[in-house]
> 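If you scroll down you'll find the structure; I have some questions about it.
Every chain is numbered from 1, with letters handed out A, B, ... down the list of sequences.
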Protein chains: 2
Amino acid sequence: MERRTAQRESIQQVFARFNRPLSPQEVLKEARRRTPRLGLATVYRAIRALESEGRLHAVTISGQSPRYEWCDASHHHYFHCAACDQVFKLEGCADNLDRLVPKGFKIEGHEIMLSGKCPACRNPRR
Amino acid sequence: MERRTAQRESIQQVFARFNRPLSPQEVLKEARRRTPRLGLATVYRAIRALESEGRLHAVTISGQSPRYEWCDASHHHYFHCAACDQVFKLEGCADNLDRLVPKGFKIEGHEIMLSGKCPACRNPRR
DNA sequence: ATCTCTGCAAAGGCTTTGCACATAG
DNA sequence: CTATGTGCAAAGCCTTTGCAGAGAT
C-alpha cells in the first residue's frame, strides 16, 4: 500500500507551486527547503511513480535531460527560449495535423515545441 | 585542416543510405561493416562535427537519447511509432503556429513529433 | 615529417539500484 | 509490528576526454 510521507508531500508541492516543467535537480533544490535531508534518488523515485500514475509528464528539449510537469486537464505545447533556456507553457493547440501523415498511420498523440526568444530576452532593456 | 578518413566516409555513408534518424549505436553497427575497427568515440566525434557544420541534426523523442539525421534542404517533422519504436519522416509542415504564442514572443523554429502506430504495427496480419 | 584522427580506456553527467535503517499505517 | 519509503553509496547508461600511436597530406 502506498504511504504518505513528508518527502512526497514536499515534492508534489513543488510541482504544484511552480506551474512549469522542472528538472529533478530543481525539484530537489526547492523541496529541500521543507525537507532538508531529501535525497536525489527519492526525487527520481517520486517522479517516476507520479509519471506512471499519469499525474506528471515529461517535457523534453532536444539535447537536454527531461523536465517534468504536473498534468492538468488540458493539453498544451511549449516555447523554449534559446537565450534564457526557460520553457513556457502555451495555450491552444495546432490543428490539421492529420494531413501530415500518409494513409495508414494512426495518430495517438503529438508534441509541439516552439523555440525562439521570449519577450524578456528579446527586449533586454527594461 | 580537415582530413578525409575511411571512418568518416563510412559514417557519412550510413547516414546517406538510411534516410532516417539514427542513434550513435546504430551508426556504429552499420559503419563497422565497412570499417570493423571503428570505435564509438569516433562516431560521436563525427556526429558532433557534422552537426556543428550543419550537415546533420538531432531528433529527440521524449525520454530517449537523441538520434541524428542528414539535413536535406527541406524542413520536416516526424512520426514515432509507439509499437516498433521507429521514427518516420513526414512531408509538409503545420501552419498557424504563430497563434499559439502570446504577443512579444519571437518564434525562430519549431518541432513537431507525432506519435501513434505506423501502418505495419497497426495491421500486423499480412 | 607534421599534425589531425583514431581507438582504447578512463572520466563525467544523469539516473537507477541495493541495502540497512526509518517510519507510516 | 510489518512492509513500504528513504538516504547513501555504488553501479549503470550514454557521452566526452586524454593520450599514445596510426595515418592523411
Side-chain angles (χ1 to χ4, degrees), chain A residues 1-16 18 20-69 80 85-87, chain B residues 1-15 18 20-53 55-69 80 85-87:
Chain A
M1 186 231 137
E2 182 170 294
R3 291 176 186 179
R4 207 158 206 287
T5 66
Q7 289 86 335
R8 289 179 187 174
E9 295 279 287
S10 306
I11 292 168
Q12 297 186 23
Q13 280 199 12
V14 170
F15 282 112
F18 291 73
R20 60 179 184 86
L22 300 170
S23 67
Q25 283 293 349
E26 287 179 290
V27 174
L28 179 68
K29 183 173 162 246
E30 290 300 325
R32 270 186 171 163
R33 292 159 171 271
R34 283 183 163 265
T35 319
R37 309 214 11 142
L38 181 62
L40 183 55
T42 299
V43 173
Y44 277 103
R45 284 188 276 235
I47 287 174
R48 191 147 37 116
L50 290 168
E51 190 183 17
S52 66
E53 287 171 33
R55 306 220 285 137
L56 213 58
H57 72 114
V59 178
T60 307
I61 290 162
S62 196
Q64 298 192 359
S65 296
R67 307 174 192 213
Y68 297 86
E69 178 192 53
H80 176 228
D85 199 41
Q86 268 214 38
V87 175
Chain B
M1 185 230 139
E2 182 170 294
R3 293 176 184 178
R4 205 159 206 285
T5 66
Q7 289 86 335
R8 289 179 186 175
E9 294 280 286
S10 306
I11 292 168
Q12 295 187 23
Q13 279 198 13
V14 171
F15 282 113
F18 293 72
R20 60 178 184 85
L22 301 170
S23 68
Q25 282 293 347
E26 287 179 290
V27 175
L28 179 69
K29 182 171 163 248
E30 291 300 326
R32 270 186 171 162
R33 292 159 172 271
R34 283 183 163 264
T35 319
R37 308 212 14 141
L38 180 62
L40 184 55
T42 300
V43 173
Y44 276 103
R45 285 187 275 233
I47 288 175
R48 192 144 39 114
L50 290 167
E51 191 183 17
S52 67
E53 287 170 33
R55 307 221 285 137
L56 214 57
H57 72 114
V59 178
T60 308
I61 291 160
S62 195
Q64 298 191 0
S65 296
R67 307 173 192 213
Y68 297 85
E69 179 192 52
H80 176 228
D85 199 40
Q86 270 212 39
V87 175

> Between A:Glu26 and A:Arg20, is there a side-chain N and carboxylate O pair less than 4.0 Å apart?
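The answer is yes: the pair qualifies as a salt bridge.
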> Name the residue closer to the 5' end of DNA chain D, choosing between B:Arg48 and A:Arg45 according to the nucleotide with the nearest heavy atom.
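Counting from the 5' end, the first nearest nucleotide belongs to A:Arg45.
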> Compare side-chain N and O positions of A:Thr5 against OP1 and OP2 of D:dT6 and report whether any pair is under 4.0 Å apart.
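So the side-chain polar atoms of A:Thr5 do come within 4.0 Å of the phosphate oxygens OP1 or OP2 of D:dT6, strictly under.
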> When you match B:Arg4 and B:Ser65 each to their closest nucleotide on DNA chain D, which lands nearer the 5' end?
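So the residue in question is B:Ser65.
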> Atom CG of A:Leu28 and atom C1' of D:dT6: how far apart are they, to the nearest Å?
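Spelled out: CG on A:Leu28 to C1' on D:dT6 is 13 Å.
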> In whole angstroms, how far is the P atom of D:dG5 from the CD atom of A:Gln12?
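From A:Gln12 CD to D:dG5 P: 12 Å.
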> Would you indicate, yes or no, if C:dC8 has its OP1 or OP2 atom less than 4.0 angstrom from a side-chain nitrogen or oxygen of B:Arg37?
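Checking C:dC8 against B:Arg37, a side-chain N or O does come within under 4.0 Å of OP1 or OP2.
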> Hey, is the side chain of B:Gln7 poking within less than 4.0 Å of OP1 or OP2 on D:dG23, counting only N and O atoms?
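No, because none of the side-chain N or O atoms of B:Gln7 sits under 4.0 Å from OP1 or OP2 of D:dG23.
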> With a cut-off of less than 4.0 Å, is there a side-chain N or O of B:Arg8 near OP1 or OP2 of C:dT4?
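So the side-chain polar atoms of B:Arg8 never come under 4.0 Å of the phosphate oxygens OP1 or OP2 of C:dT4.
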> Calculate the interatomic distance between B:Gln64 atom CD and D:dC13 atom P; express it in whole Å.
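To the nearest whole Å, that distance equals 16 Å.
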> Would you mind reading off the distance between B:Arg67 atom CZ and D:dC14 atom C1', rounded to a whole angstrom?
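B:Arg67 atom CZ is separated from D:dC14 atom C1' by 14 Å.
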> According to a 3.5 Å limit on both distances, what stems of 3 or more consecutive Watson-Crick or G-U pairs are formed with DNA chain D?
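If one scans DNA chain D for consecutive Watson-Crick or G-U pairs, the stems found are C:1-25 with D:1-25.
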> Starting at the 5' end of DNA chain C and moving along, which residue's nearest nucleotide shows up first, B:Ala6 or A:Ala41?
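Going by which nucleotide is closer to the 5' end, it is B:Ala6.
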> Rounded to the nearest Å, what distance is computed from the CG atom of residue B:Leu40 to the P atom of nucleotide D:dC14?
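The distance from CG of B:Leu40 to P of D:dC14 comes to 9 Å, rounded to the nearest Å.
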> Output yes when B:Arg4 and B:Glu9 qualify as a salt bridge under the 4.0 Å nitrogen-oxygen rule, no when they do not.
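Judged by the 4.0 Å cut-off on N to carboxylate O distance, B:Arg4 and B:Glu9 do form a salt bridge.
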> Under 4.0 Å between any heavy atoms, over every strand shown, what does A:Gln25 touch: base, sugar-phosphate, or nothing? Just pick one.
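It contacts nothing in the nucleic acid.
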> Compute whether any side-chain donor of one residue and acceptor of the other, for B:Arg37 and B:Gln7, lie under 3.5 angstrom apart.
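No, no side-chain donor-acceptor pair sits under 3.5 Å.
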> Which of the following nucleotides, C:dT4, C:dG18, C:dC8, is nearest to the side chain of B:Arg3?
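The nucleotide sitting nearest to the side chain is C:dT4.
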> Might you work through the side-chain hydrogen bond (donor to acceptor under 3.5 Å, both in side chains) test for B:His57 and B:Glu69, ending with a clear yes or no?
CA-CA 6 Å; B:His57 72 114; B:Glu69 179 192 52; 2.9 Å; yes
> To the nearest Å, give me how far apart CZ (A:Arg32) and P (D:dT6) are.
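After rounding, the reported distance stands at 14 Å.
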